[in-house]
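To start, the structure under review is shown below, and the notes come after it.
Note that the structure is a prediction, hence the values are computed from the model and not measured. Per chain, numbering begins at 1; letters A, B, ... match sequence-line order.
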There are 2 protein chains.
Amino acid sequence: MNVKCKIWFEKNGGVAFAEGRRMLLEAVDRLGSLNAAAKELGMSYRAAWGKIKATEKALGIKLLEVTTGGKGGGGATLTPDARELIRKFEKYTNRMNLLMEREFKNIFDKKKS
Amino acid sequence: MNVKCKIWFEKNGGVAFAEGRRMLLEAVDRLGSLNAAAKELGMSYRAAWGKIKATEKALGIKLLEVTTGGKGGGGATLTPDARELIRKFEKYTNRMNLLMEREFKNIFDKKKS
DNA sequence: CAGCGTTATGCCTTATATGATATAACTCCT
DNA sequence: AGGAGTTATATCATATAAGGCATAACGCTG
């Protein structure tokens, strides 16, 4: 048996941002396209777009700067808000994962507790 | 925006035990009956029973000592394994909730990070 | 001006988790 | 013996979320 923990940001009670969406944004940043990011993660464009929209609506911020048409058909890049969101999420989850492991050992490895 | 965290125990990749089930077991312990516990938590007996079974199967342990028929129709009490599970879960989640709050302030209240 | 590769989005299907319904079995009590 | 109140479990219904399908718009490029 082991312990798991899912961390997410929320606003007004709905899940707004978690690991899956962090990965999606990271891929968009790297590839310059939501479509390409979706493909890389093995999901449809529709699904990826839906997740982005859901987060934008929940948090009330804009995540992607997009262009349609033109060279290469268009593309998407991250807004500064999106970058900040990613950075804080990473920092928080990294720290919590470390603490989780430590506490787990504390409580489950001791002979008496 | 705020951070939430769901903590659960798992084995072989499936959710085995989390807050809802902890509450259910606690109610069984207090009331001496799964049926009564289910009613108190506003769920059907069927639903409560399903959760218990799922956890027992996932962890491979027995949670309830039950009797059917007899005085009052029967009843259920917690096994020692169930008590230990509850105790460890409570200890772990209490500790983690404390740490979560502390880290949240660390990362989100600072001017620079 | 047609084609290509994007973003954009409404509609409808489908997958999944959840719970309701129904039925059986058990044992003490009257 | 019958009733009360519980556990036990299979089957069926349903609510909800996730995503597929279809279609449109956009603007460079050849």
Salt bridge or not for [X] and [Y], using N-O below 4.0 Å?
{"X": "A:Arg30", "Y": "A:Glu40", "value": "yes"}
{"X": "A:Arg87", "Y": "A:Glu90", "value": "no"}
{"X": "B:Arg22", "Y": "B:Glu26", "value": "no"}

* Which of residues 43-53 of chain B have a heavy atom under 4.0 Å from DNA chain D? -> B:Tyr45, B:Arg46, B:Trp49, B:Lys53
* **Selection: residues 20-42 of chain A, any non-hydrogen atom under 4.0 Å of DNA chain D** => none
Looking at [atom1] of [X] and [atom2] of [Y], how far apart are the two atoms once the value is rounded to the nearest 0.5 Å?
{"X": "B:Met1", "Y": "A:Phe17", "atom1": "CE", "atom2": "CZ", "result": "9.5 Å"}
{"X": "B:Met96", "Y": "B:Glu103", "atom1": "CE", "atom2": "CD", "result": "9.5 Å"}
{"X": "A:Phe9", "Y": "A:Tyr92", "atom1": "CZ", "atom2": "OH", "result": "8.0 Å"}

* Asked: Is there a donor-acceptor pair under 3.5 Å between the side chain of B:Asn97 and the backbone N or O of B:Thr93?
  -> yes
* To do: Taking B:Tyr45 for its side chain and B:Lys39 for its backbone only, find out whether a donor-acceptor pair lies under 3.5 Å.
  => no
* Common cluster, A:Phe104/B:Leu98, ILVMFWY with side-chain heavy-atom separation under 4.5 Å -> no
Distance-only donor-acceptor pairs under 3.5 Å for side chains of residues 60-72 of chain A, two or more places apart:
unit_1: A:Lys62; atom_1: NZ; unit_2: A:Glu65; atom_2: OE2; d: 3.1
unit_1: A:Thr67; atom_1: OG1; unit_2: A:Gly75; atom_2: N; d: 3.4

* **Boundaries of the chain B footprint along DNA chain C (any atom under 4.0 Å from a heavy atom)** => C:dG19 to C:dC28
* Asked: Considering the options B:Thr55, B:Asp29, B:Leu41, which one meets the side chain to side chain contact (heavy atoms under 4.5 Å, CB included) requirement together with B:Leu24?
  -> B:Leu41
* **Summary of ring-ring contact (aromatic ring centres under 6.0 Å, His included) pairs that have at least one residue in residues 55-75 of chain A, sequence neighbours excluded** => none
* Sugar-phosphate means primed atoms, P, OP1 and OP2; the rest is base. With that split, encode nucleotides 24-30 of chain D 5' to 3' as B, S or - using protein heavy atoms under 4.0 Å. => --BBS--
